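Reading through the structure tokens given below for one structure.
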Amino acid sequence: MSVNFLISQAKNIQKVINENASEIEALDQNIGDGDHIFNIQRGLKLVIELEGTIKDLPLAKALNMIAMKVLSGIGGSSGALFGTFFISMAKSPDLDKDIEFRKACEMIINGIQAMKERGKADVGEKTMMDVLIPVSVKLNEIKNNNSEIKQGLSEIIKIAEDRMLSTKDMLATKGRASFLGERAKGHIDPGARSSQLIIDTICKFIINQ
Amino acid sequence: MSVNFLISQAKNIQKVINENASEIEALDQNIGDGDHIFNIQRGLKLVIELEGTIKDLPLAKALNMIAMKVLSGIGGSSGALFGTFFISMAKSPDLDKDIEFRKACEMIINGIQAMKERGKADVGEKTMMDVLIPVSVKLNEIKNNNSEIKQGLSEIIKIAEDRMLSTKDMLATKGRASFLGERAKGHIDPGARSSQLIIDTICKFIINQ
Amino acid sequence: MKKFINKADDFLKESLNGFGKAHGDIIQVSLDPTFVSRKNKKKEGKVSLISGGGSGHEPMHGGFVGYGMLDAACPGFVFSAPAPDQMQAAAEHVDSGAGVLFIVKNYSGDIMNFQMGAEMYSGTNDSIITNDDVAVEDSTFTTGRRGVAATVLVEKIVGSLAEDGGSLEECKKLGEKVNKNAGTMGVAFTSCTVPAAGKPTFDIGDDEMEFGVGIHGEPGRKREKIKPSKTIVGNILDAILDNLKPENNEKILLFVNGMGGTPLTELYLVYDDAFQILKSKGVEVTRSLVGNYCTSLEMQGASITLLKCDEKIIKNWDAPVHTAAMRWGM
Amino acid sequence: MKKFINKADDFLKESLNGFGKAHGDIIQVSLDPTFVSRKNKKKEGKVSLISGGGSGHEPMHGGFVGYGMLDAACPGFVFSAPAPDQMQAAAEHVDSGAGVLFIVKNYSGDIMNFQMGAEMYSGTNDSIITNDDVAVEDSTFTTGRRGVAATVLVEKIVGSLAEDGGSLEECKKLGEKVNKNAGTMGVAFTSCTVPAAGKPTFDIGDDEMEFGVGIHGEPGRKREKIKPSKTIVGNILDAILDNLKPENNEKILLFVNGMGGTPLTELYLVYDDAFQILKSKGVEVTRSLVGNYCTSLEMQGASITLLKCDEKIIKNWDAPVHTAAMRWGM
Ligand SMILES: Nc1ncnc2c1ncn2[C@@H]1O[C@H](COP(=O)(O)OP(=O)(O)O)[C@@H](O)[C@H]1O
Ligand SMILES: Nc1ncnc2c1ncn2[C@@H]1O[C@H](COP(=O)(O)OP(=O)(O)O)[C@@H](O)[C@H]1O
Ligand SMILES: [Mg+2]
Ligand SMILES: [Mg+2]
Ligand SMILES: [Mg+2]
Ligand SMILES: [Mg+2]
């Protein structure tokens with residue numbers, strides 16, 4: 001993991017999110033307040049705009065700046081949650097050393113754990129955590145078992161997609177959708193969809209390298 | 001002219017106005033504020049509701065009550081103008097005597113004259129006066145020349161219709177339509193249309209007697 | 001038609017009843033004939049101000065009855081001028097012996113009905129006619145311009161003078177000055193729906209606006225494609241300034257008025273655009289008013305009023321006022 | 001989309017700029033990070049109240065900054081909770097040493113961002129979470145109910161206590177009581193359009209309403225055919241009373257709040273219907289508020305809030321307040 005990698009992933013993700021923008025927008029209009037797509041797009045834009053400022057900085061500093069940007073520039077649930085993710089990332093030890101795959105996994109797992117603590121949502125509550133927690137569990141498995149990386153990432157792609165789809169028939173207990181009771185059923189959670197697209201994009205990028 | 005005659009005319013007029021309500025409504029929406037039809041309908045309803053109260057009263061008293069009802073119950077330009085008309089009617093001399101045709105003509109002519117003074121609008125300004133003033137002139141002629149009544153009333157029907165139609169291509173200089181300048185052209189004046197329908201109804205009733 | 005309404009015929013009466021209950025500390029509502037008047041008893045020797053007009057422009061005028069502004073307001077049916085007996089009854093109720101000044105917007109129906117009310121009222125009285133709408137070309141041969149949002153400013157400023165003991169003549173003179181010093185122009189994005197009609201007064205395309213609209217949804221100068229706020233505001237200001245011709249660095253009151261359906265956020269954005277454009281033209285904003293004051297039912301849109309201010313106008317503008325819709329200094 | 005707008009990205013900033021200029025006597029607007037704060041310098045020993053939330057609910061919260069109410073407000077983008085650095089900066093700016101009370105509406109995004117802001121702020125602070133929307137079934141396992149219009153009442157009432165020298169703990173306690181004593185339910189006739197989206201948040205038929213709608217256009221209890229005002233109001237009151245269970249002859253504050261696109265006339269009609277229904281149920285209306293205070297952009301609709309009042313609540317409600325959107329007694 002490097003600053004360069006982060007920026008180029010942000011660009012890839014931006015492309016994918018923009019391609020799916022109207023779907024994500026509609027999802028938050030159905031069971032939320034319609035701003036999720038703009039929050040995500042704003043966040044990606046802000047991170048990508050940082051490129052000039054951070055591209056030659058050490059990773060710790062760059063992650064810190066990304067975290068502050070995401071935290072202060074997005075707002076809403078997404079801003080707090082993804083901000084928390086990057087703050088956790090930026091606090092990882094030994095960021096001045098080379099970050100190989102296992103280390104990167106650890107950082108992501110810790111980031112997702114921080115999100116979970118911030119939002120107090122677990123699997124089954126119809127949020128992005130329905131995608132992120134199982135992904136984190138799988139990452140941990142891959143890391144601990146020294147599994148074949150590309151094979152593991154393919155499985156993660158599948159997990160993210162299944163879990164994203166699984167939010168469709170859930171009752172929500174956290175987030176805006178929780179206010180709807182039964183009426184939330186039948187709609188995929190917007191944060192679950194955007195998270196799944198992010199994971200999908202990064203995994204595919206690494207697999208195709 | 002009798003109280004009975006007035007009430008029965010109001011009923012006939014109500015029927016005709018209701019039949020043409022959507023046209024009149026549209027006319028005031030085009031070049032005014034859209035309330036003319038409701039003002040006219042409210043006025044007719046109030047007068048007809050007076051029936052029980054006034055049917056056995058002397059004409060002077062009944063006309064007075066009608067005038068007050070029209071003046072206080074309608075509002076807008078129509079309320080002031082038609083109120084003024086009935087106030088003038090109620091002030092006519094010798095209302096305790098029999099009101100034959102010439103006398104009735106005089107009362108109406110004076111009523112229209114009072115409206116003209118109140119509104120300060122003359123022919124050519126795209127208001128109901130474009131219908132009422134020529135009608136009044138013709139009434140005067142019939143009265144003075146002792147013309148054949150039914151023949152005269154047929155001519156009045158024709159005059160009212162022509163003059164109503166003539167407002168279509170006028171620029172308005174009085175009333176709400178005057179604010180529109182050139183944009184008022186191409187629309188018949190709503191008050192001209194309702195006045196013409198009123199005249200048409202009364203004349204036809206007398207002709208068919 | 002989507003409205004909070006029970007029966008169209010009862011719309012006005014029920015709304016007035018609610019208004020009366022919600023503001024029972026300031027005003028009282030009389031029905032038959034209908035008028036809103038101050039709750040507190042009259043002040044001897046104070047000129048009484050009475051305004052009125054068709055309903056549908058709330059809070060104008062009932063919301064402006066109270067200390068420092070109107071003594072009474074006569075609401076007609078929606079968009080129909082009130083009837084003379086309302087003005088007569090209101091005048092009899094509020095006149096404390098110093099006379100009554102009627103504040104009338106320039107529409108045939110209002111003029112005629114107020115005239116008749118004034119004729120029917122036996123006490124001393126006089127009238128001011130407001131006609132601030134620059135969207136309409138003026139001409140001495142016609143009814144002239146429409147009276148719109150500047151009526152609010154006239155009521156506030158003259159109201160303060162009357163409270164301070166200004167005579168009927170002085171009040172009339174100040175009111176006429178305020179009216180002459182003011183220009184307004186509005187734009188509508190959507191129509192309004194008169195309750196009795198049940199359907200919109202006019203049709204308008206999804207990308208259109210009515211430039212120079214009247215406060216009853218009457219057509220304005222032209223139908224145009226919708227534009228960025230800065231452009232709309234610039235065009236409105238051009239029309240007003242063209243008409244008011246303020247001196248360089250003349251102080252003005254900038255009044256951004258919502259038509260009823262446009263939220264505050266947009267009105268403040270309009271205010272910002274107007275402020276900047278005026279600054280670039282050497283016009284100094286010395287006082288402000290932003291909000292829904294002279295509305296057209298639920299119409300989306302806004303009007304801008306500029307009022308050239310002198311010391312006297314500013315002093316009376318700043319003076320305390322305590323009404324349902326405008327309150328400061330007390 | 002028909003709005004007074006230049007670029008969707010600049011909407012909030014431009015509107016705040018206009019707000020700052022129009023009310024420069026009361027408030028100031030800081031950008032980067034964005035917050036609205038009182039113009040006048042801090043009062044030593046006064047607890048500072050800070051609220052905030054997504055924009056689009058104006059005048060809430062910026063319009064409530066000033067004497068007797070908030071010390072600062074942190075506006076997020078339209079319908080997006082503000083970011084923690086806004087709360088941190090606002091707290092640092094306004095805290096006079098007596099601590100900061102954050103007033104937060106119960107939404108995940110608001111809760112999380114305010115929590116982080118509070119963690120980032122080094123001074124003493126505490127928070128109140130408002131959750132008055134009875135449209136949403138409560139449950140300890142979920143996020144619970146939404147915070148809506150009663151937030152306005154909390155801000156006013158606690159604001160007065162803070163002005164009078166109430167401690168952080170006392171302010172929090174009173175705020176929690178007001179929140180617990182209040183219930184709100186809203187209904188929407190039309191959707192709102194988020195500027196960035198450019199199209200309505202939801203579709204709704206010409207004869208339909210959303211019963212129990214949220215202030216971001218979130219779905220409510222059910223989609224229904226539109227009904228007479230009395231029926232709608234009766235259904236809303238049933239839901240609230242069911243929840244609040246006031247004692248017989250208990251005194252309540254009746255708050256009829258417009259969603260932004262509904263004119264005052266209709267809100268007063270709703271008030272009248274509510275007043276009568278409450279009376280028939282033995283509930284006494286002791287105080288009133290009618291107007292657009294907690295809005296959803298240009299949405300047509302209204303909410304009703306009932307607040308059970310004791311002496312302390314009434315005293316603090318009546319106390320002077322001087323903000324852009326709420327002002328009395330000074
Ligand atoms: N407490 C929470 N924990 C985890 N995720 C949450 C929580 N609350 C909301 N979310 C996620 O945030 C998404 C909505 O994000 P966004 O629309 O940006 O913010 P907001 O809900 O504040 O408008 C939801 O779809 C859900 O996935
Ligand atoms: N000054 C006037 N003199 C004569 N008729 C007038 C005058 N002003 C308006 N009218 C007539 O009144 C009609 C409109 O009546 P109505 O809609 O009831 O009142 P308002 O114009 O006050 O809304 C116009 O179509 C016109 O015929
Ligand atoms: Mg959202
Ligand atoms: Mg009309
Ligand atoms: Mg009218
Ligand atoms: Mg949001």
Side-chain angles (χ1 to χ4, degrees), chain A residues 21-22 25-26 28-43 45-46 67-84 87 114-115 117-122 124-128 171-184 187 191, chain D residues 8-9 32-33 53-56 74-86 88 106-117 120 133 135-137 139 141-146 191-197 199-203 212 214-223 296:
Chain A
S22 57
E25 185 181 350
D28 199 33
Q29 288 185 326
N30 288 336
I31 58 169
D33 56 355
D35 61 343
H36 186 62
I37 181 64
F38 308 114
N39 289 341
I40 296 291
Q41 286 179 323
R42 192 166 49 241
K45 185 162 166 277
L46 289 171
M68 286 306 120
K69 217 20 139 195
V70 167
L71 192 64
S72 69
I74 301 189
S77 302
S78 327
L81 291 164
F82 288 117
T84 298
I87 289 174
M115 292 170 81
E117 281 159 22
R118 175 59 63 198
K120 301 192 181 61
D122 211 327
E125 304 204 67
K126 200 176 180 105
T127 72
M128 55 176 76
L171 273 174
T173 50
K174 288 279 158 21
R176 282 177 198 284
S178 71
F179 301 135
L180 304 194
E182 289 288 330
R183 286 177 76 177
H187 301 279
Chain D
D9 281 351
D32 200 19
S55 291
C74 303
F77 291 98
V78 173
F79 293 172
S80 289
D85 56 328
Q86 296 175 251
Q88 183 192 15
N106 190 31
Y107 297 95
S108 274
D110 295 74
I111 302 272
M112 289 189 279
N113 282 287
F114 268 90
Q115 261 172 10
M116 295 179 83
M120 283 154 65
D133 190 351
V136 175
E137 298 306 323
S139 149
F141 300 107
T142 71
T143 309
R145 312 196 312 192
R146 301 179 286 218
S191 176
C192 50
T193 296
V194 173
K199 55 183 202 302
T201 300
F202 58 88
D203 291 323
I215 59 171
H216 309 87
E218 307 99 313
R221 284 197 179 178
K222 51 193 168 189
R223 182 66 58 94
S296 305

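None of these values were measured; they are calculated from a predicted model.
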(request) Evaluate the side chain to side chain contact (heavy atoms under 4.5 Å, CB included) criterion for residues D:M112 and A:S77: first the C-alpha distance (whole Å), next the side-chain angles of each, then the deciding distance (0.1 Å), finally the verdict. (result) CA-CA 7 Å; D:M112 289 189 279; A:S77 302; 3.7 Å; yes

(request) Sort out for me which of D:G76, D:S108, D:A196 touches chain A most, counting heavy-atom pairs under 4.5 Å. (result) D:A196

(message) Between A:H36 and A:S78, is there a side-chain donor-acceptor contact under 3.5 Å, judged purely by atom types and distance?
(response) yes

(request) For A:R42, enumerate each residue passing the salt bridge (Lys or Arg N to Asp or Glu O under 4.0 Å) test, keeping only those at least two apart in sequence or located in another chain. (result) none

(message) For D:F202, which atoms come within 4.5 Å of any heavy atom of chain A: side chain, backbone, both, or neither?
(response) neither

(request) Tell me, please, which residues at least two apart from A:D35 pass side-chain hydrogen bond (donor to acceptor under 3.5 Å, both in side chains). (result) A:N39, D:S80

(request) Against chain A, work out which of D:P82, D:G217, D:C192, D:P84 has the most heavy-atom pairs shorter than 4.5 Å and name it. (result) D:P84

(request) Mind checking the NZ-NZ spacing from A:K174 to A:K126? Nearest 0.5 Å is all I need. (result) 15.0 Å

(message) Between A:E25 and D:K199, does any side-chain N to carboxylate O distance fall below 4.0 Å?
(response) yes

(request) Go through the atoms of A:N30 and report whether side chain, backbone, both or neither lie under 4.5 Å from a heavy atom of chain D. (result) backbone

(request) Please state whether the side chain, the backbone, both or neither of D:N113 comes within less than 4.5 Å of a heavy atom of chain A. (result) both

(message) So for A:R118, is it side chain, backbone, both, or neither that comes closer than 4.5 Å to the heavy atoms of chain D?
(response) both

(request) With a 4.5 angstrom heavy-atom cut-off, could you sort out which part of D:P219 is near chain A: side chain, backbone, both or neither? (result) both

(message) Does any backbone or side-chain atom of A:I74 lie under 4.5 Å from a heavy atom of chain D? Answer side chain, backbone, both or neither.
(response) backbone

(request) Pick out which of A:I40, A:D33, A:I37 makes a side-chain contact (heavy atoms from CB on, under 4.5 Å) with A:D28. (result) A:D33

(message) Counting only non-hydrogen atoms closer than 4.5 Å, does D:D133 touch chain A with its backbone (N, CA, C, O), its side chain (CB onward), both, or neither?
(response) neither

(message) With chain A as the partner, which of D:R221, D:Q86, D:R146, D:K222 has the greatest number of non-hydrogen pairs under 4.5 Å?
(response) D:R146

